[in-house]
Amino acid sequence: MRQTGSDQTPDVAEETARLRSEIEDANYRYYVLDEPTLSDADYDRKFRRLQELEAQHPEQLTADSPTQRVGAKPADGFEEVVHAIPMLSLDNAFNADEISAFAQRVAERLECTADDLGFSCEPKLDGAAVSLVYEQGRLVSGATRGDGRTGEGITSNLRTLRSVPLVLRGDNPPALLEVRGEVIISHEGFEACNKAARENGSKVFANPRNAAAGSLRQLDPRITATRPLAFHAYQAARLEPDMGDETHSALMQRLSQLGLRTSKELAVMKGPQAVVEYCHALGEKRDQLGYDIDGVVIKVNNLRLQRELGFVARAPRWAVAFKFPAQEETTTLNEVEFQVGRTGAITPVARLAPVSVAGVTVSNATLHNADEIARLDVRIGDTVTIRRAGDVIPQVVRVDLAKRPENARPIEFPDNCPVCGSDIERLEGEAVARCSGGLYCPAQRKEALKHFASRKALDVDGLGEKLIEQLVERDWVKTPADLFHLKVGELQNLPRMGEKSSANLVNALNTAKRTTLARFIYALGIREVGEATAANLAAYFGTLNALEQADLETLESVNDVGPIVAAHIHTFFRQPHNQQTLVALLDAGVSFDEAEVHQGPKPLEGQTWVLTGTLESMTRDDGKARLQALGAKVSGSVSKKTAGLVAGAAAGSKLTKAEQLGVEVLDEATFLNRLQAWEAS
DNA sequence: CCGCCTCGAGGTCA
DNA sequence: CTCGAGGCGG
């Protein structure tokens with residue numbers, strides 16, 4: 001109640017401001033501190049009053065108002081967002097020894113004792129990683145992790161989370177804050193969500209992680225708003241100005257003051273032994289946390305030391321993720337089938353009685369190869385233990401021999417391809433067995449076509465698995481070249497293919513004809529030639545003809561091509577049926593730009609270069625590619641042997657190190673000049 | 001590998 | 001309403 005006792009109309013601006021601050025305060029206490037102070041009824045009353053005022057006085061409405069969390073309209077897709085700083089993954093540790101080894105590595109690099117180092121430890125939440133950007137204290141964008149380099153802009157969905165402040169708390173927000181964290185759904189929220197779903201007959205979620213990730217990908221933020229999502233911050237990727245925090249733990253406290261939820265379990269442990277104890281303790285506590293975690297994130301607490309340690313290609317040197325042992329379940333093995341891959345590799349796949357492992361139903365598991373079957377001594381009918389390895393791929397861990405039934409049947413590895421009947425060969429010293437049928441084998445043909453049409457190859461839209469199956473079964477398509485002769489009329493005879501779908505496919509094929517040499521090489525499906533190698537080959541040879549004619553020695557001088565890959569490529573182009581297919585593809589109108597490529601001098605041959613900081617005129621990857629094209633190796637860390645360091649804006653410890661070691665340092669302008677000179681030579 | 005979302009199209013039924 | 005394709009993420 002107001003205490004003025006006056007019946008004068010209160011100042012509207014003042015009241016809306018007060019309501020907003022009270023509501024955000026309540027959000028903060030409830031969703032960030034987990035200490036609700038306002039009853040739901042009071043909250044609702046204030047919220048409605050604010051809505052009412054804003055409706056009456058539209059001039060008072062601001063985008064930051066708590067009433068504006070839920071956007072009105074569905075988006076029509078998400079935009080690509082390039083992370084200013086990549087969202088890296090962490091190296092994993094699976095036991096105490098690996099944790100100690102991590103601490104030891106860090107200590108050696110810092111030339112100190114592991115026992116003296118402070119490590120910040122916190123639960124590794126199992127949700128979806130996102131990044132939020134605040135400018136002048138206001139939330140301006142939010143994105144998914146994506147591949148780490150670019151993610152999807154899901155700002156309007158993230159705005160609906162009440163644990164995501166629209167405005168940072170406090171009078172002096174930083175000019176820039178990019179905060180990373182995990183969006184999760186608690187067990188309680190998950191149950192409530194599924195209860196609601198069951199009541200209105202819609203789909204229930206399999207586990208909280210997928211529910212969280214799925215909710216973030218809704219086009220309509222109004223749906224996202226109904227999901228009990230929570231954001232937990234774990235890192236400040238950018239903070240300007242630097243607010244003087246010396247440790248990760250202090251920085252997390254700072255984030256919490258700014259209104260962001262951080263882990264209540266965070267603790268700083270001194271030395272690896274204490275870290276291991278923390279991991280054990282958290283493991284014990286895991287079930288009482290109320291949300292899913294899959295391990296512990298361990299970071300060097302001191303931020304200056306973090307900077308000194310820096311990064312390797314994919315992960316920071318100053319952190320590691322301890323993963324709890326994967327959950328195991330037992331089930332029965334009903335059957336083993338043998339799948340034939342694109343290269344003819346025969347993979348035994350266990351068909352299991354469906355069993356739920358860590359929230360997902362597992363009914364298949366790979367047995368890898370004959371050696372693995374022998375090692376496990378597994379038979380059909382056995383009771384087996386299943387685990388999801390590395391979070392993902394289901395694995396048969398062991399067999400319960402005590403439960404082996406009388407009639408358990410040994411698994412016979414076939415001598416002939418289950419699909420085409422060709423001999424199965426296993427080369428000396430190799431674990432894999434292969435169908436020798438080549439493209440005579442329909443299974444290999446299907447896989448080859450799938451590969452040919454895939455996104456990173458010719459990217460034929462609408463040519464999916466089922467359709468390829470039909471086309472191969474009917475013998476309409478024997479080689480990729482045949483695809484381009486398909487007619488709308490005949491396609492319509494296939495199930496689920498009407499006039500529209502057929503025309504779309506033919507159009508997609510026509511579009512796909514125009515491609516690049518790199519994609520084309522990749523699409524051929526030469527053994528061991530993936531996307532990266534194909535790109536290297538295209539850049540090196542420039543023309544298909546040059547690649548075809550290349551001898552083994554020339555092939556081996558290409559980046560990343562060794563004797564084995566060279567031999568695969570060489571052999572591929574000398575098979576008559578491959579030659580026929582190539583000719584047929586070109587005849588069908590498949591085309592790509594060809595360029596005579598400088599195979600001339602490589603001015604940076606034998607040198608190692610390092611890039612650091614932010615470049616204005618290109619991405620670091622582009623700079624790297626151009627250096628590599630000149631023959632240089634590009635590495636991530638500066639050493640005595642480094643030929644030069646390219647330092648962009650905000651270069652850090654690498655610059656210092658280079659200066660110490662007397663390594664030549666180039667600023668961006670100089671680098672560009674040199675590049676031009678080198679490339680011209 | 002599995003689960004999730006979205007889209008376009010085909011099939012079914014009234 | 002259902003299916004297939006495509007994309008994302010862990």
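Throughout, a chain's letter reflects where its sequence line sits, starting with A, and its residues are numbered from 1.
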Contact class for [X] (heavy atom, under 4.0 Å): base, sugar-phosphate, or nothing?
| X | value |
| --- | --- |
| Ala129(A) | sugar-phosphate |
| Gly146(A) | sugar-phosphate |
| Gly127(A) | sugar-phosphate |
| Val460(A) | sugar-phosphate |
| Ser363(A) | sugar-phosphate |
| Ser215(A) | nothing |
| Glu469(A) | nothing |
| Ala206(A) | sugar-phosphate |

If you check the [X] side chain, which of [options] turns out closest?
| X | options | value |
| --- | --- | --- |
| Thr361(A) | dG10(C), dA5(C), dG3(B) | dG3(B) |
| Leu219(A) | dC7(B), dC2(B), dG4(C) | dC7(B) |
| Ala128(A) | dT2(C), dC8(C), dG10(C) | dG10(C) |
| Ile393(A) | dG10(C), dC1(B), dG11(B) | dC1(B) |
| Phe205(A) | dG10(C), dC5(B), dA5(C) | dC5(B) |
| Glu152(A) | dC8(C), dG11(B), dA5(C) | dC8(C) |

### Check: Glu528(A)/Thr533(A) side-chain N/O donor and acceptor closer than 3.5 Å
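Short answer, no.
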
Going by atom types alone, do His232(A) and Glu122(A) pair a side-chain donor with an acceptor below 3.5 Å? no

Distance test, side-chain N/O of [X] to OP1/OP2 of [N], below 4.0 Å:
| X | N | answer |
| --- | --- | --- |
| Thr366(A) | dC1(B) | no |
| Gln218(A) | dT6(B) | yes |
| Asn364(A) | dC2(B) | yes |
| Arg455(A) | dC8(C) | yes |
| Asn504(A) | dA9(B) | yes |
| Ser501(A) | dG10(B) | yes |

Glu499(A) atom CD is separated from dG10(B) atom C1', nearest whole Å, by 13 Å

Whole-Å distance, Asp147(A) CG to dG7(C) P, equals 14 Å

Fit a plane to each ring of Phe102(A) and Phe119(A), take the angle between them on a 0 to 90° scale, and name the class: parallel (under 30°), tilted (30 to 60°) or perpendicular (over 60°). tilted

Could you check which nucleotide pairs with dG9(C) in any of the strands shown, counting Watson-Crick or G-U wobble with both distances under 3.5 Å?
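Pairing partner: dC2(B).
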
- Message: Go through it in stages, so that I can follow the logic: the residues are Phe190(A) and Tyr291(A), the test is ring pair (Phe, Tyr, Trp, His ring centres under 6.0 Å), and I'd like the CA-CA distance, side-chain angles, deciding distance and then a yes or no.
- Response: CA-CA 9 Å; Phe190(A) 176 71; Tyr291(A) 47 84; over 10 Å; no

Review point. Is Val320(A) close to Ile99(A) at the side-chain level, that is, under 4.5 Å between some pair of heavy atoms?
Key: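 The answer is no, as the side chains (C-beta and beyond) never meet within the 4.5 Å cut-off.
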
Notebook entry, point to check: Hey, are Arg445(A) and Asp475(A) close enough for a salt bridge, meaning a charged N less than 4.0 Å from a carboxylate O?
Noted result: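 Yes, charged N to carboxylate O under 4.0 Å.
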
Point to revise | Donor/acceptor link under 3.5 angstrom from Arg217(A) side chain onto base of dC8(C) | key: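 By the distance-only test, no, there is no pair.
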
